[in-house]
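What you see below is based on every heavy atom in this structure, not just the backbone, and it leaves out hydrogens, waters and symmetry mates. What you see is a predicted model, and the numbers here were worked out from it, not measured in a lab. Order of listing sets the numbers, starting from 1, for every ligand and every atom in it.
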Amino acid sequence: MCGIIGVSGTNHVGLDVYEGLHAVQHRGKDGGGLVSFSDGVFNGPFMRDGIIAEAFTEGEIRGLDGAIALGHVRYATQGGRNKLDAARDAQPLLFKHTRNGAIAVAHNGDIRTAPQLRTDYLAIGGFFQGTSDTEVILHNFAKATNDSLDSLLTQTLEPIQEGAYSLVMIVDGKLVGARDVNGFRPLVLGKKEGGYMLASETVALKRARASYIREVEPGEIIVVEDSGPRSIRPFGVRSEGKQKKCVFEYAYFARPDGLLFNTNVAAVRREFGEILARKFPNLSTDMVGAVPDSGNDATIGYCHASGKPFEIVFSRDHFAGRTFIDPDGEKRAAKVRAKLSPYEGLEGKVVTLVDDSLVRSTTSRELVKMLKEVGVQGVNMLIAFWPFAYHCKYGIDTADDGELASHSMNPEEIRKYIGADFLGFLDQAEVLSAMKKVGGLEGFCTACSDGEYPVS
Ligand code: AMP
């Protein structure tokens, strides 16, 4: 998963991108990058490992001013995962000299056709710097025949239609934003000081003090001209019901204090919790606790609807840092323990915990163990999402199918495995009903629930 920002025409484009990147940091912590552009000259890109707050100095950011700037935070999915790959594959990517001029790109998503396009380009003498799927976009651009900007953009994006992309680009000295026709990943448009800002989430607009205009629609390309944003839709408009927006953005990924697909994220999560309360009305418990922070809103919804008492059960350590325990499985469990610690005074109680999702089941298993270790009498685990049974091909970094608890176990088997006294999930219809109720939304990808991949 990644976060992207593009700004043009504000008083300090570099600073606005930098501010925006902080607000989408949760979308990628492997690395970050920035590039700016003015009067035909690029400054950067500057790519760094790690988180934005520690990666760049104030002087570097102030030096990035100009007419347009792009930024990116990266969570490696398609490309490599080791430190070297993360640095090499950091974005924005820039080709300064092609027969169609320069192009800079920052991308969020997974381009399904990238491996084939890469093979095809290599066969005709193309070359690649890293392992990121985004590089094929630059090659598409370089190969296009340049009769007009709109045609150039169409030719650049046409070969990657079968995939998930939200993009910010600098092409022809203009800021450009684009979203694939399925609308897997989010992208929004805002404005500030006579200029415009594109961002993965509305929280980035808030942080940069830009005001929200609207989301970039699936299949839309926005070109920010001097006169303002202009739209083209060369790949047609997909009716809402046929779109494939990502549900997991609502369940876990997007920040709760923003809008996603024009709908309040926290309100959807609370509705997930309310549905859990209606679905399991007879659970007896002494208290209900959230798995912080991702389970907070669903827990509030559950408590509102059930009337059961909310308590803080776990304290989250924001400075937990790294754990030096191997192998991978034990390391994950140790990380859960390092991050979350149970409150005192829980002995003999029955505790209901609400979390946003169960993926490998490490978190739930470890939390149940920790509660039982401190003498909790019973633990009910409620998951405010459907069983995550198939890996994501569209940009969410999840385990392979074999590591997903719900791929090989039914809920009762998982309950036994995690040691809970009760385990409840939402089903597909219930999850989809929440977005319908809160935002009137339809048209979601359900692949992580049923393996029905809309784009192979
Ligand atoms: P697991 O421990 O593998 O069952 O994962 C579930 C927990 O990890 C939940 O508490 C989620 O908040 C969190 N989570 C879910 N998906 C992801 C992801 N793609 N990256 C990091 N954390 C995640």
I need the nearest protein heavy-atom contact for [atom]: residue, atom name and distance, please.
atom                    : answer
atom 20 (N) of ligand 1 : Tyr75 OH, 3.4 Å
atom 2 (O) of ligand 1  : Thr363 OG1, 2.5 Å
atom 17 (C) of ligand 1 : Tyr252 CE2, 3.4 Å
atom 3 (O) of ligand 1  : Arg360 N, 2.7 Å
atom 19 (N) of ligand 1 : Asp397 O, 2.9 Å
atom 10 (O) of ligand 1 : Asp355 OD2, 2.6 Å
atom 15 (C) of ligand 1 : Ser357 OG, 3.4 Å

**Asked** Does ligand 1 have any atom that is closer than 4.0 Å to a heavy atom of Ser361?
**Response**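 So Ser361 counts as touching ligand 1.
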
**Asked** Applying a strict 4.0 Å limit to heavy atoms, is Phe248 in contact with ligand 1?
**Response**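 Contact check Phe248 vs ligand 1: positive.
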
**Message:** Counting only heavy atoms closer than 4.0 Å, does ligand 1 sit against the backbone of Asp356, its side chain, both, or neither?
**Reply:**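 Just the side chain.
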
**Asked** Taking everything shown except Glu373 itself, do over 12 heavy atoms lie less than 6.0 Å from its CD?
**Response**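 Correct, the count exceeds 12.
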
**Prompt:** Any sub-3.5 Å donor-acceptor pair from Ser306's side-chain atoms to Ala277's backbone N or O?
**Reply:**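 Pair absent, no side-chain N/O of Ser306 close to backbone of Ala277.
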
**Asked** Charged N to carboxylate O below 4.0 Å: is that the case for Glu249 and Arg27?
**Response**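 Salt bridge between Glu249 and Arg27, a charged N being under 4.0 Å from a carboxylate O: yes.
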
